[in-house]
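The sequence lines fix the lettering, A, B, ..., with proteins before strands; numbering per chain opens at 1. If you're wondering where the values come from, they're calculated on a predicted model, not measured in any experiment.
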There are 2 protein chains.
Amino acid sequence: MGDRVSTANSLAVDDLGSAAQRDRRKRILDATIQLASQGGFDAVQMRAVADRADVALGTLYRYFPSKIHLLVSALQREFERTEAATRDRPVEGETTADRVISVLKGTTRGMQSDPQLTEALTRAFMFADASVAAEIHQVGMLLTSMLTRAMYPEGHDELTEEDVAIARVIGDVWLSALVGWVTGRTSAAETGQQIEVAVKLLLRD
Amino acid sequence: MGDRVSTANSLAVDDLGSAAQRDRRKRILDATIQLASQGGFDAVQMRAVADRADVALGTLYRYFPSKIHLLVSALQREFERTEAATRDRPVEGETTADRVISVLKGTTRGMQSDPQLTEALTRAFMFADASVAAEIHQVGMLLTSMLTRAMYPEGHDELTEEDVAIARVIGDVWLSALVGWVTGRTSAAETGQQIEVAVKLLLRD
DNA sequence: AGCCAAAGTGGAACGTGTTCCTATTTTAGA
DNA sequence: TCTAAAATAGGAACACGTTCCACTTTGGCT
């Protein structure tokens, strides 16, 4: 009775090949995040990632065609985790603005608790070109999703164009603020301030 | 009578040393912009810049301690030119929003007419860390200045905190839109749209 | 004019992202 | 079980940002 799992990998969410391949991919992303967390963007060196993931350099490049792809993919994974964590928890706050601010500050606080990791991921995000558009778009969707959920906690059906536009602008401000912070040009407090002001300007009804 | 200009360089706006030094600096920035204009960020190679500016590599590094400094300094010079050009010209448009959109679209159009240059300068701007804070801040001031002038063409005295906050948010959106565009993730039309929507959201009185 | 410190030259050298190549191992299918 | 294809290992090689060094030129001072 050889139950040698007859090729059955079709259950994978995104069809990422065999179990061994999924495992390698995970090891690589884990190593990336460890290194980023310790030393930021510069510490994520391809040879170091390969070593720590116990994978050859060529294999690393087979999975992720560049350092930027690697880091943006890591960002995507982290962001999915964050979004999932936010999903079930009810958003606190009376007004729309309060709820949005609450969600954003929560997320920002989470990122600021690991500055090096945030620096690495944000830098990669800002440097990414068209070849990473898919991953970037995915992250953008997650952010929009988090924001609109904060705006309408009890599952609205109708998101107006304006709602989406507002979410987008807030996302832009958030990103700028984050860049200012990771590059050491603004403090954590200023970053929070910047976001709060923008949200209040945009959601004053 | 030897009128050999007795050390008289104290008239320089920012005290940038001797005429020879100012000349070298200019040659370097010119070379940078030429190369960026032709091939974007990747084409601005330090050896190439040094060659074209007719300067040794070490000298280039004496003037600009990194490629990022070099490009951000080039951006600063270009932006000063742009800002000066906008200064005298009256801003067209009835409403505040119209005027701001007009100024931003004009500037954006200018940048989009030289995509490679814009890509190089924007990339550098986004990658700049704290050591370039001075130059970055200068560019931010110029942008704010352009925006508030568009908001109040007839020289208001009182810029409220809200005015400045709005200008800042618009600047953030502009930057995000620009990054999306230079990295090939959004089209020129989408970029304009994105800015217009944000401005209308923020200036709807 | 002659001297000295600062600035510039020319180029070697190093680190890290990326590419490439060959040998070996794993995997899928007959 | 056997075999061909795909994946991986291991590492050399290359490109470009950056650093460094020995030497030369420049410019201000006496």
Side-chain angles (χ1 to χ4, degrees), chain A residues 2 4-10 15-28 31-32 35-36 39-74 120 123-124 127-129 131-132, chain B residues 2-10 15-28 31-32 35-36 39-73 120 123-124 127-129 131-132:
Chain A
R4 279 201 68 252
V5 193
S6 62
T7 335
N9 67 1
S10 45
D15 190 22
L16 292 167
S18 68
Q21 284 172 332
R22 254 176 287 127
D23 189 55
R24 272 205 178 76
R25 191 185 146 89
K26 176 177 183 326
R27 285 211 312 273
I28 291 173
T32 302
L35 288 167
F41 187 86
D42 289 340
V44 181
Q45 301 182 356
M46 300 306 269
R47 291 173 181 83
V49 172
D51 279 358
R52 188 169 297 212
D54 212 38
V55 136
L57 189 55
T59 305
L60 172 53
Y61 273 95
R62 162 181 282 274
Y63 279 77
F64 301 95
S66 76
K67 175 169 174 175
I68 296 297
H69 279 83
L70 173 59
L71 281 167
V72 172
S73 297
R123 277 238 150 95
F127 215 68
D129 67 2
S131 69
V132 216
Chain B
D3 60 357
R4 279 201 69 254
V5 192
S6 62
T7 334
N9 67 1
S10 46
D15 191 21
L16 294 166
S18 69
Q21 284 172 332
R22 256 175 286 128
D23 190 55
R24 272 203 179 78
R25 193 186 145 89
K26 176 176 184 327
R27 286 209 313 274
I28 292 173
T32 301
L35 288 167
F41 188 87
D42 290 339
V44 180
Q45 301 182 357
M46 300 305 267
R47 291 174 181 84
V49 171
D51 279 358
R52 188 168 297 212
D54 212 39
V55 138
L57 190 54
T59 306
L60 172 53
Y61 273 94
R62 162 180 284 274
Y63 279 78
F64 301 95
S66 77
K67 175 169 173 173
I68 297 296
H69 278 82
L70 174 60
L71 280 166
V72 172
S73 298
R123 277 238 152 95
F127 216 67
D129 68 2
S131 70
V132 215

task = Compare side-chain N and O positions of A:Thr59 against OP1 and OP2 of D:dA9 and report whether any pair is under 4.0 Å apart.
result = yes
query = Is the phosphate of C:dG8, meaning OP1 or OP2, less than 4.0 Å from a side-chain N or O of B:Tyr63?
reply = yes
Atom [atom1] of [X] to atom [atom2] of [N]: distance rounded to whole Å?
X        : N      : atom1 : atom2 : value
A:Leu60  : D:dT8  : CG    : P     : 11 Å
A:Asp129 : C:dT18 : CG    : P     : 11 Å
A:Asp23  : C:dT26 : CG    : P     : 14 Å
B:Gln21  : C:dA5  : CD    : C1'   : 14 Å
B:Arg24  : C:dG8  : CZ    : C1'   : 6 Å
A:Arg62  : C:dC21 : CZ    : C1'   : 14 Å
B:Asp51  : C:dT9  : CG    : C1'   : 12 Å
B:Arg25  : C:dA7  : CZ    : C1'   : 16 Å

request  = Using a strict 4.0 Å threshold on nitrogen-to-oxygen distance, state whether A:Asp51 and A:Arg47 make a salt bridge.
outcome  = no
task = Would you check if the side chain of A:Lys67 reaches a backbone N or O of A:Val44 as a donor-acceptor pair within less than 3.5 Å?
result = yes
request  = Please test B:Phe127 against B:Phe41 for ring pair (Phe, Tyr, Trp, His ring centres under 6.0 Å), starting from the C-alpha separation and ending with a verdict.
outcome  = CA-CA 12 Å; B:Phe127 216 67; B:Phe41 188 87; 7.7 Å; no
Passing candidate, side chain to side chain contact (heavy atoms under 4.5 Å, CB included) with B:Arg52, options B:Leu35, B:Thr32, B:Ile28 = B:Leu35
query = Considering only heavy atoms from C-beta outward, does the side chain of A:Asp23 approach that of A:Arg27 to under 4.5 Å?
reply = yes
inquiry  = Are the side chains of B:Leu71 and B:Ile68 in contact, using a 4.5 Å heavy-atom criterion?
reply    = no
message = What verdict does the side chain to side chain contact (heavy atoms under 4.5 Å, CB included) test give for A:Tyr63 and A:His69, after you've listed the backbone C-alpha separation in whole Å, the side-chain angles of each residue and the deciding distance to 0.1 Å?
response = CA-CA 9 Å; A:Tyr63 279 77; A:His69 279 83; over 6 Å; no
task = Using a heavy-atom cut-off of under 4.0 Å over every strand shown, decide if B:Asp54 touches base, sugar-phosphate, or nothing.
result = sugar-phosphate
request  = Any chance you could list the contact pattern along nucleotides 11-27 of chain D? Use B for base contacts, S for sugar-phosphate-only contacts and - for none, protein heavy atoms under 4.0 Å, 5' to 3'.
outcome  = --B--BBBB--------
